[in-house]
Every structure is written in structure tokens, then in C-alpha cells.
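Here is the structure we will look at.
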Number of protein chains: 2
Amino acid sequence: MFIELDFRNHVPIYVQIVERIKHLVATEVLEPGDQLPTVRQLAADLRVNFNTVARAYRILDQAGLVSTQQGRGTYVLESLPPGRSTRLRQAALKALTQHFLTEAARLGFEPDDVDHDVEKLIKRWRQEGTP
Amino acid sequence: MFIELDFRNHVPIYVQIVERIKHLVATEVLEPGDQLPTVRQLAADLRVNFNTVARAYRILDQAGLVSTQQGRGTYVLESLPPGRSTRLRQAALKALTQHFLTEAARLGFEPDDVDHDVEKLIKRWRQEGTP
DNA sequence: GGTACAATAATACAATTATACAATGAGATA
DNA sequence: TATCTCATTGTATAATTGTATTATTGTACC
């Protein structure tokens, strides 16, 4: 799967998994009916105990985003409509940007460093039509 | 472990532990990825309360030498991030930015949308010192 | 003596893991 | 078809790890 964890930032692993999967569903990378990796498979990928993944799946189940079924697996239920409402779209972009900046800061970069790189690449994006 | 304390010395115990572990890391007796003894194990060895060891571990964590993870343990980290001017660092920031923009584009945003949000959040980052 | 503060300890808590368990379904076999 | 077997799935519980909060101890200063 397409999930990366940060073991250093003191955000519980199960919370990180929940948030990443919520994001993948909201951005329609994961669509209704899709099966998530089994708890053991994802746990192996992430080098984590499968109970930690199971805890994340249970929270997503209770939130109504997925359905977990013993012996069968875990499946995406519904996609939150991000493309519909402009408000949700704005929130998605803000969250994405926030995540990007936080990661840059964690790597020790300063606002000027980031600003410089972003401006350069956005300029190219405008010129070439694709980032 | 290979730590000895001097209880007659008036240097606080947690400071002594911090210093000893810093030394063990500097001399590569402890290498990146190595797990430190659990707070309770080391505390038992040193005949000290485990909160005192936990305090030392927390300081080492904040100093970036180790990573403490609740439920998992405490691990020696890679050597500290290199200076801001290395080619490797610049490449990392560029890759991170590229990834961010690609994701935004995939969600259907335009360069102007992204530029607007990034500038706003970077401005706040400058003002508040943290993104 | 009394007060303030830092260091240490006691206790309760939360995250993660280890282990054993129960439900499901695919394939074998009668 | 029926049902048996067994690998695979999620679940439940207890043990282990670090964290947070509060109490105790010791020391310096007045």
C-alpha cells in the first residue's frame, strides 16, 4: 500500500494509519468496494504489529468508512465527496499543504527554502501545464 | 548495559545517563537502529526509578539522538541531519515539493490555487515559527 | 524554622505487541 | 449436495513499553 509512517513524531501509529486511509478514500485512490490489505499484510509492510493495524481498521469501521468482516477482510464503504463541494475541496488542499510544510519543517528546512523551491516548480507547472 | 552511576557526585542521575549514552553513541558502541534497554530494565540495573531513565530518554529523543516509541522501545537514530547546503538535502526538498504538487494536480487544483494556499501557510509559518 | 525549587519516586495511563481464539470460504472427498 | 479440513481473515485479552500526573525528598536561600 501507499502508506508511510513516521515513527519519530509521537503521533500514535494507529492514528497515522487512520488518517492516511481517510485521505486515500477522500481522494478516491480507494473507491467503494475496494478491499484494503489484510491487517497482517499491511502490518508487515509497515513493520508493525497487526493488532495496531486492526485497531485502525476498527476505528475506520466505527466511523463508517469501511466494513471489517472477520474471516473475509476489510472493504471501503463510501467515498466522501471531495469533488462535489468546493468547501471540502479547499479543506483538502489546505490539509495537503499543511502536511507538506510540516514534513519540510521536520527535515529542518526554513520557510525561505520551501518558498523558493515551491515558486520555482509552480512556475514550471504554469509553463508546461503539468507539474 | 554498560553504564555506571556515581551517586555521591551531585550531578543529577538523569544527566549522568544522558551523558553516558551520548558517549556510547559518539563512540559507536551504540549504532543506529540499536535498541536501548527499556526504561524499566535500565532502571533496575542502575537501582533507580524508571521515571528517571525515562527522563533521560526523553531528553535524548528531543536532542534527536534516539527515538522513543511508546509500546515499542527506544532506538538509536541515524546521525544528525547534514548542513543545509548539501546537495542531498536540496534534492530531498525538491522531491518533497514535486510530490506535493503532483498530488495537488491529481486532485484537480490549478497552480494559482496551490500558490495561494502555500503562500498563506508559509507566511503564517514565518510569523509563528512553526508550520 | 520556613519557603521555593529541582530531582526522584509512586501511581495510574496509553500505545504497541504477543498469543490464543473465532468466523469465513475454498477445496477435498464421500 | 453435504460436510470436513484447513489456511486466511479479523477479534479478544494480557503483557510490555513509554508517558503523564502527582507526591516525596533534598538542598539552597532567606
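In this text the structure is predicted, and so the values were computed from the model without any measurement. A note on names: the letters A, B, ... follow the listed sequences, proteins ahead of strands, and every chain is numbered from 1. Note that these values count all heavy atoms, side chains included, but never hydrogens, waters or copies made by symmetry.
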To the nearest angstrom, the CD-P distance between A:Gln69 and C:dG25 comes to 8 Å
Ionic contact status for B:Arg106 with B:Glu103, cut-off 4.0 Å: yes
When the nearest nucleotide of DNA chain C is assigned to A:Pro12 and to B:Val48 on a heavy-atom basis, which residue is associated with the more 5' position? B:Val48
Rounded off to whole Å, could you give me the CG-to-P distance for the B:Asn51 and C:dC13 pair? 15 Å
Charged N to carboxylate O below 4.0 Å: is that the case for B:Arg89 and A:Asp113? no
Hey, does the side chain of A:Arg72 come within less than 4.0 Å of C:dG25's phosphate (OP1/OP2), counting only N and O? yes
Which part of the nucleic acid, if any, lies within reach of A:Arg55 when heavy atoms closer than 4.0 Å are counted: base, sugar-phosphate only, or nothing? base
With sugar-phosphate meaning primed atoms plus P, OP1 and OP2, does A:Arg40 contact a base, only sugar-phosphate, or nothing at under 4.0 Å between heavy atoms? base
Under 4.0 Å from OP1 or OP2 of D:dT9: is there any side-chain N or O of A:Thr68 that close? no
Phosphate OP1/OP2 of D:dT8 contacted by A:Thr38 side-chain N/O (<4.0 Å): no
To the nearest Å, give me how far apart CZ (B:Arg47) and P (C:dA9) are. 13 Å
With a 4.0 Å cut-off on N to O distance, would you call B:Asp61 and A:Arg8 a salt bridge? no
Could you say whether B:His10 or B:Gly73 is positioned toward the 5' end of DNA chain D, judged by the nucleotide with the nearest heavy atom to each? B:Gly73
Phosphate OP1/OP2 of C:dT8 contacted by B:Tyr14 side-chain N/O (<4.0 Å): no
Compare side-chain N and O positions of A:Asn49 against OP1 and OP2 of C:dA18 and report whether any pair is under 4.0 Å apart. yes
Taking it one step at a time, do A:Leu5 and A:Val48 satisfy side chain to side chain contact (heavy atoms under 4.5 Å, CB included)? CA-CA 10 Å; A:Leu5 297 181; A:Val48 146; 4.1 Å; yes
Taking 4.0 Å as the cut-off, does a side-chain nitrogen or oxygen of A:Thr74 come that near to OP1 or OP2 on D:dG10? yes
Nearest non-hydrogen partners of B:Ala43 and B:Phe50, listed with the distance: CB-CA, 3.4 Å
Assign each of A:Thr52 and B:Phe50 the nucleotide of DNA chain C bearing its closest heavy atom; nearer the 5' end lies the nucleotide of B:Phe50
Rounding to a whole Å, what distance do you find between B:Ile13:CD1 and D:dT27:C1'? 15 Å
